[in-house]
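The next block holds one structure in the form of structure tokens; read it before the comments.
Bear in mind that the values here come from a model prediction, so they are computed numbers and not experimental data. Sequence lines set the chain letters: A, B, ... in the order given, protein chains first and strands last, and positions in each chain run from 1.
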Number of protein chains: 2
Amino acid sequence: MIGPTTNQAMGQRPPTGPLDGMAGPLSRRLGVHAPLSGDDLAALSRLAVRETVVVAHTDLVRQGEPAENAFLVVEGIAASYVQRASGARQILALLLPGDLCDPDLAHLEHWDHGIATLSHCRIARVPRAALEELIATRPAVALALRRTKLEAEARSRAWLAALGIGHATERLLRLFREIIDRMHALGLADRNEGPLPLTQVDMAECIGTSTVHVNRVLQELRRSGMVELKGSRLRLLDRAGLDTLAGE
Amino acid sequence: MIGPTTNQAMGQRPPTGPLDGMAGPLSRRLGVHAPLSGDDLAALSRLAVRETVVVAHTDLVRQGEPAENAFLVVEGIAASYVQRASGARQILALLLPGDLCDPDLAHLEHWDHGIATLSHCRIARVPRAALEELIATRPAVALALRRTKLEAEARSRAWLAALGIGHATERLLRLFREIIDRMHALGLADRNEGPLPLTQVDMAECIGTSTVHVNRVLQELRRSGMVELKGSRLRLLDRAGLDTLAGE
DNA sequence: CGACTAATTGATGCTATTCAACCACCGTGG
DNA sequence: CCACGGTGGTTGAATAGCATCAATTAGTCG
């Protein structure tokens, strides 16, 4: 009973084998931050279970629910968000392939935020116990997880500053840049072009403006030749100008 | 070379004994989250060294500097912030007595944000090595630190949402409420009244608006009998109405 | 072809910024 | 003692940025 924009259909798939690639993005992501051994990688590949396909705009966890298990985004884009009684939502962070919704949250008795898919996603569950054990027994994995979390926190700080200081144009450009850059780091996008499977409503909830305004800013960016956005494909046409406009 | 609003005068005091109370706020703060033994408390009291008195609006760490040691706020209010080349600042989080600037930041090669005092402060240094050792050898302390950090992250999420969703009035009220509530939890303020040693510029940098607007919102809040703010003393006169206006 | 979701447009008004003063308080030094 | 400089608070007018409401127009999919 959170808001009107949530539907709960969740297509279940038959359990898949441990090596069908769903741990791929996770280990690729973690491997960036610390060298992982073959054993580490094998353990990681056994971590994620019960992979499901989830349609866009579906809640995985709702605000106020008890904390059960963690989620891994295998494919697609999800997000953590806060929602008011009025229905207004603010997206806190994007979860891209290989991202694990914060493992430390186990200590919270109740979630103070929700998790929802933005695009079509493949989502795997990660049992708390298995995750804790992995952290306890595999220092390299634990280190990689810590560094990954530090990276997410740095992004969160940057977002907070952008929301406080920047105008809508800047914030939208930062959003685009973040998605392209992170996707590029995962090998899922070119340096200046990639998928952008978000609706304008999603973008508005990310950058804290109305959808109407997102639409107008977007048109201005297209007209000025800064970006190209057709269907769900985004191209950044003026990277230098973008980095200037988006603030340091 | 960050901005015009930084002065570096920092009055040094002669080293004080380990038990003169400067670890008081820290252990009181941590003790809330996990039971600490007498040994734990003794170890904590030896942690903070080189306490100094720092005047208001002084940088402790500047953006871009290498990460050296951690800081403990013994008295007063400090803050972490991000500053743009334009001079615009956004405060990310408040550091109240007993707060330690994030210990995990040791892993960052360079600070992506600065730390500065807002009011007059007593600040102690915490050597990284001693902190790491304490975490490694005293599980109760490590747990308390983790929980304290989780609490800070939850506050950060709430702020992000407020910046994205709320109007200036709401954000200012949330700021007031946060300060009073946290001060109250430390025994440094009544339930509805306490010190507010911030300038309107500081408030503006917290809630992401101009100082002029802070001033006007403040007047409206006074006129409507919501708050009373004289000198640096704040009283919340309508707690129920405040909680409504400040959003859930 | 409907039925739905997403994108677009226009008109209107509120919220907040900006610039530029001006005032009030406080501590300092002549 | 008062003149002085500095910081912080207050005010006004003009304007920019953005929200809101209400329609209308693509797309998309069964």
Strand DNA chain C as a dot-bracket string - pairs counted if Watson-Crick or G-U with both distances under 3.5 Å, | where the partner lies in another strand: |||||||||||||||||||||.||||.|||

Atom pairs, protein N/O to nucleotides 21-25 of chain D N/O, distance under 3.5 Å:
none

Stepwise side chain to side chain contact (heavy atoms under 4.5 Å, CB included) check, B/L234 with B/I180: CA-CA 8 Å; B/L234 171 70; B/I180 292 288; 3.8 Å; yes

Audit row: A/R182, A/D99, side chain to side chain contact (heavy atoms under 4.5 Å, CB included) steps and yes/no: CA-CA 11 Å; A/R182 288 175 68 184; A/D99 281 333; 2.5 Å; yes

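Within a heavy-atom distance below 4.0 Å of DNA chain D, the residues of residues 218-234 of chain B found are B/Q219, B/R222.
We find that CD of B/Q200 is positioned 12 Å from C1' of D/dT11, with the value rounded to whole Å. Rounding to whole angstrom units, CD1 of residue A/I207 and P of D/dG17 are separated by 15 Å. In this structure, B/L196 atom CG and D/dG8 atom P are separated by 14 Å, rounded to whole Å. Atom CD1 of A/I165 is separated from atom C1' of C/dA16 by 16 Å (rounded to the nearest Å). Distance NE2 (B/H167) to C1' (D/dG17): 12 Å, rounded to an integer number of Å. Protein atom NE2 of B/H120 is 15 Å distant from nucleotide atom C1' of D/dG8, rounded to whole Å. We find that NE2 of A/H213 is positioned 16 Å from P of C/dG10, with the value rounded to whole Å.
Between B/N215 and the phosphate of D/dT10, there is a side-chain N or O to OP1/OP2 separation shorter than 4.0 Å. When the side-chain nitrogen and oxygen atoms of B/H57 are compared with OP1 and OP2 of D/dG8, one or more of them lie within a distance under 4.0 Å.
Salt bridge annotation for A/E153-B/K149: present, with a cationic side-chain nitrogen under 4.0 angstrom from a carboxylate oxygen. In summary, A/E228 and A/R222 do not engage in a salt bridge, as defined by a charged side-chain N under 4.0 Å from a carboxylate O. Between B/R122 and B/E51, at least one side-chain nitrogen of the basic residue sits less than 4.0 Å from a carboxylate oxygen of the acidic one, meeting the salt-bridge criterion. With respect to the salt-bridge test (charged N to carboxylate O, under 4.0 angstrom), the residues A/R174 and A/E170 qualify. Salt-bridge formation is not detected for the pair B/D190/B/R235: no Lys NZ or Arg NE/NH1/NH2 atom is positioned less than 4.0 Å from an Asp or Glu carboxylate oxygen.
Screening B/R233, B/M183, B/H184 for a side-chain contact (heavy atoms from CB on, under 4.5 Å) with B/E193, the sole residue that qualifies is B/R233. A side-chain contact (heavy atoms from CB on, under 4.5 Å) with B/R177 is found for one member of B/D243, B/L245, B/N192 and no other, namely B/D243.
Between the side chains of B/T52 and B/R125, at least one donor-acceptor pair of N or O atoms lies under 3.5 Å. For B/D59 and B/Y81, the side-chain atoms include at least one donor-acceptor pair closer than 3.5 Å.
Nucleic acid contact class of A/S210 (heavy atoms, under 4.0 Å, all strands): base.
In the set C/dA16, D/dG8, C/dA7, C/dA16 carries the atom at the smallest distance from any side-chain atom of B/A168.
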